[in-house]
Number of protein chains: 2
Amino acid sequence: MGVRAQQKEKTRRALVDAAFNQLSAERSFSSLSLREVAREANIAPTSFYRHFKDMNELGLTMVDEGGLALRQMMRKGRQRAEAGGSVIRISVETFMEVLESNPNVFRILLHERSGTSAAFRAAVEREIEHFISELSHYVEDSAGRSPDLAREQAEALVILVFNAGAAALDMKRSDRKLLADRLVTQLRMVVKGAEALQQKRDNPELRARLSR
Amino acid sequence: MGVRAQQKEKTRRALVDAAFNQLSAERSFSSLSLREVAREANIAPTSFYRHFKDMNELGLTMVDEGGLALRQMMRKGRQRAEAGGSVIRISVETFMEVLESNPNVFRILLHERSGTSAAFRAAVEREIEHFISELSHYVEDSAGRSPDLAREQAEALVILVFNAGAAALDMKRSDRKLLADRLVTQLRMVVKGAEALQQKRDNPELRARLSR
DNA sequence: CATTTTGGCTTACACTTGTAAGCCCAATAT
DNA sequence: ATATTGGGCTTACAAGTGTAAGCCAAAATG
């Protein structure tokens, strides 16, 4: 890669990083101004346009990057789970760790999910869809769940996890531990419930007998 | 009430209504400026301060009002459910109707829940807590669930419903119908799962036998 | 080597924003 | 009847915003 392209990539990164760094509990992406980001990245405001058409384009880049990063981390966590132990428990733990070390990556997904730009919402939804889809296949394979039930189950699980993540962002570590426990309970509910619905479908007879 | 107090209340309402009316999929409360709201309410920008200290105060008012309105509507719906039929199904239907007729009331809760102001997040959380608490008691009483399990169950249910609500805002009616169906399935999962966990606690023995 | 491209810069402009200061006059209080 | 209060207004200002126009030097191209 030429010297020029290298430099360009470098300041592009500086912009993305600058934006990520300015995110916090009090500062959402949509409240960031182009000038602020440029300032933090140490470039002139108008130079911003050499890299992104506008703030929207930068934001979408961040959503994509963030979602990807999150998924990679979660996948690593799942490998750890394969070594043994409760899948649910370990996944929740991984998630909480990821959250703690990359709060801003999670923040942009969380916030823009209910944000003001349709493009953003769609982008976040796509990322979440990835999570759901991966998990759905896992559930189908490992628990022999029917495809559509697996889908609903996975969706419910992901929603609950995301939601807990949002709550966790506002907490100190001690409370997060408790939150994690409650989350695990809720996830178990969904899993148990999905099993029950599956059985009911597979064999209405048997289920009727068992519930007596 | 004196003529003066009456007038004051009237323009105060005009401000709140103006703000609610400006909300949309593309426009969140935090993106509204004081001047815009004043303009829409037909008063001078600086007159705003005769009623609210700043936009934050107006916003919190809206959250409280909105949450209250939502709860009242849902309670009416629950009465309808008492006439018979699936509680879950009827509640979901009510919710979807409420959503359709008052999208902006729901929007402000949804958006500010993950918003940028701690005060807002807390206010929304308080409103949601009301929902959870009401539902939790209902579950405890009607299904004989233990208090802590009831709480987790209610929380999961409310989260799933809220989440579906957010998705519904972006949909046309036909798709909402499908969404509602899937939501019902998920809610049933939670209910079934909570039952299972309850049984396991009440009588680990029996449950072991049944699952064979 | 000569030319073109490009990523940075500076300057400039038109807007919007929040809010301070202070006037006015009708409703209230004395 | 007179004095006070208070909800509206106008004017004004400093600050910040997005972005257009155009210059410059160094890298890339031929």
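In what follows, chains are A, B, ... by sequence order, proteins preceding strands, each numbered from 1.
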Quick check: are there more than 12 heavy atoms from other residues, nucleotides or ligands sitting under 6.0 Å from OH of A:Y138?
-> no
Would you please name every residue forming a side chain to side chain donor-acceptor pair (under 3.5 Å) with B:R89, sequence neighbours left out?
-> B:D181
Outermost nucleotides of DNA chain C that come under 4.0 Å of a non-hydrogen atom of chain B | C:dT17 to C:dT28
Contact check, side chains of B:R35 and B:R39, non-hydrogen atoms, under 4.5 Å | yes
One should read off an interatomic distance between B:E97 CD and B:R80 CZ, to the nearest 0.5 angstrom, of 5.0 Å
Answer with yes or no whether A:R35 presents, from its side chain, a donor or acceptor under 3.5 Å of a partner atom in the base of D:dG18.
-> yes
DNA chain D contacts among residues 20-33 of chain B, heavy-atom distance under 4.0 Å = none
Can you list every side-chain hydrogen bond (donor to acceptor under 3.5 Å, both in side chains) pair that touches residues 103-125 of chain A, not counting sequence neighbours?
-> A:N104-A:R107, A:R113-A:E125, A:R113-B:N163, A:S114-B:S114, A:R121-B:D170
Please enumerate all protein N or O atoms sitting under 3.5 Å from an N or O of nucleotides 27-30 of chain D, with distances to 0.1 Å.
{"residue": "D:dA27", "atom": "N3", "partner": "A:R4", "partner atom": "NH1", "Å": "2.9"}
{"residue": "D:dA28", "atom": "OP1", "partner": "A:V3", "partner atom": "N", "Å": "3.0"}
{"residue": "D:dA28", "atom": "OP1", "partner": "A:R4", "partner atom": "N", "Å": "3.1"}

For a side-chain contact (heavy atoms from CB on, under 4.5 Å) with A:L58, tell me which candidate from A:L32, A:V37, A:V63, A:L34 qualifies.
-> A:V37
For A:L34 and D:dT17, give me the distance from atom CG to atom C1', rounded to whole Å.
-> 9 Å
Between A:R176 and A:A168, is there a donor-acceptor pair closer than 3.5 Å when you use the side chain of the first and the backbone of the second?
-> yes
Which of residues 42-65 of chain B have a heavy atom under 4.0 Å from DNA chain C?
-> B:P45, B:T46, B:Y49
Distance in Å, A:R50 CZ paired with A:R12 CZ, rounded so as to fall on 0.5 Å steps = 15.5 Å
Touch class at under 4.0 angstrom, heavy-atom based, for A:E9 against every strand present | nothing
Would you check if the side chain of A:E152 reaches a backbone N or O of B:Q186 as a donor-acceptor pair within less than 3.5 Å?
-> no
Does the A:Q198 side chain pair with the main chain of A:S146, one donor and one acceptor, at a distance under 3.5 Å?
-> yes
Has the side chain of A:D54 got a donor or acceptor atom that lies under 3.5 Å from a matching backbone atom of A:E57?
-> yes
For the residue pair A:F162 and A:F95, does the interplanar ring angle fall in the parallel (under 30°), tilted (30 to 60°) or perpendicular (over 60°) class?
-> tilted
In Å, rounded to the nearest 0.5 Å, how long is the span from CD1 of A:I90 to CZ of A:R78?
-> 12.5 Å
B:R12 near the nucleic acid: base, sugar-phosphate alone, or nothing, with a heavy-atom cut-off under 4.0 Å?
-> nothing
